[in-house]
Amino acid sequence: MKQNVRNSTFFAPRFTAMDADPITVARRLLGQRLVRVIDGVRLAGTIVEVEAYLGAEDRAAHTFGGRRTVRNEAMYLPGGHAYVYFTYGMHHCLNVVCGRRDEGVAVLVRAIEPTEGLDEMFSRRVKAGRLEELCSGPGRLTQAMAIGRSLNGVDLRTSDELFIERQASRQLPQSAFVQTRRVGLNRSMDESVLGLSGEFTNWWRAPLRFAMKGNAFVS
DNA sequence: CCCGTGATTTAT
DNA sequence: TAAATCACGGGG
């Protein structure tokens, strides 16, 4: 039975405050609701884990050094757009572009706590495991929600296929989330480099991963 | 720990 | 043209 999209939750207010810097947006995104609509069916979950990528000065960012390629072009769109890329020959990753046009900054969505369309999401996952593994990981959540390159560059503030609904009425207090180094980065980024700001920064150690404290759906 | 997988980037 | 890389996931 397909869920009728014309219900109250479908018209929940959109989360649109994505034109700030990626660290601010990362914290704001925790607790918001990521929504994917396919054939009128809602797939949704609460964002519980994200990572900030700081652009030209960030060794781990696809836009490091101001690099502009066909792949990362969407990351230079204005804040509020989606940057979806394909990696390791089999996984897609979803990023929320932040800041202003041409800044090249974004937030990677690493995990959500699934709340709607669980059956549909399980059926899309090759390995249907426990609920805690359904959308916990950047590649897992894109597979469960059928987020692929066709959604690269869409405006999350206006799209009816992929968007974010305002869930938490205010920003989470610092005590509600943990901050750690980012996952999956090459250790060569451990060397400190002189960033654009003129200060030495260690991008491997930089605490740019944000996760809701004690949440079982964090990857 | 290791490997599948293939687009993208970088080196030659 | 070839090699290396990769914001990962699944299996041992």
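In what follows, chains are A, B, ... by sequence order, proteins preceding strands, each numbered from 1.
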Charged N to carboxylate O under 4.0 angstrom, [X] versus [Y]?
X         : Y         : value
Glu165(A) : Arg42(A)  : yes
Asp160(A) : Arg14(A)  : yes
Arg140(A) : Glu133(A) : no

- [ ] Consider the side chain of Asn95(A), meaning its heavy atoms from C-beta on, and name the nucleotide among dC6(C), dG10(C), dA7(C) that approaches it most closely.
- [x]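 Out of dC6(C), dG10(C), dA7(C), the nucleotide with an atom closest to Asn95(A)'s side chain is dA7(C).
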
Open item on the list: Can you see if the side chain of Arg110(A) gets near the phosphate of dC8(C) - specifically, an N or O under 4.0 Å from OP1 or OP2?
Closed with: yes

TODO: Give a yes/no on whether any side-chain N or O of Arg125(A) is located under 4.0 angstrom from OP1 or OP2 of dG10(C).
DONE: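 Looking at the OP1 and OP2 atoms of dG10(C), one of them is under 4.0 Å from a side-chain N or O of Arg125(A).
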
In whole angstrom, what separates [X]'s [atom1] from [N]'s [atom2]?
X         : N       : atom1 : atom2 : answer
Trp204(A) : dC6(C)  : CH2   : C1'   : 17 Å
Arg140(A) : dA7(C)  : CZ    : C1'   : 16 Å
Phe86(A)  : dC8(C)  : CZ    : P     : 14 Å
Tyr88(A)  : dA4(C)  : OH    : P     : 16 Å
Lys127(A) : dG12(C) : NZ    : C1'   : 13 Å
Arg130(A) : dG10(C) : CZ    : P     : 12 Å
Arg67(A)  : dT5(C)  : CZ    : P     : 14 Å
Asn72(A)  : dA7(C)  : CG    : C1'   : 13 Å

Open item on the list: According to a hydrophobic-cluster definition based on side-chain heavy atoms being under 4.5 Å apart (Ile, Leu, Val, Met, Phe, Trp, Tyr only), do Ile147(A) and Ile164(A) belong together?
Closed with: yes

Task: Identity of whatever pairs with dA7(C) - Watson-Crick or G-U, under 3.5 angstrom - done: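 Partner of dA7(C): none.
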
Task: Outermost DNA chain B nucleotides near chain A [under 4.0 Å, heavy atoms] - done: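 From 5' to 3', the first and last contacting nucleotides are dG4(B) to dT10(B).
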
Open item on the list: When you measure from the side chain of Trp203(A) to the backbone of Glu57(A), do you find a donor-acceptor pair of N or O atoms at a distance under 3.5 Å?
Closed with: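 It does hold such a pair.
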
Task: Distance-only donor-acceptor check, side chains Arg209(A) and Thr180(A), under 3.5 Å - done: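 Yes, a side-chain donor-acceptor pair sits under 3.5 Å.
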
- [ ] Kindly say whether the aromatic ring centers of Tyr85(A) and His62(A) come within a distance under 6.0 Å.
- [x] yes

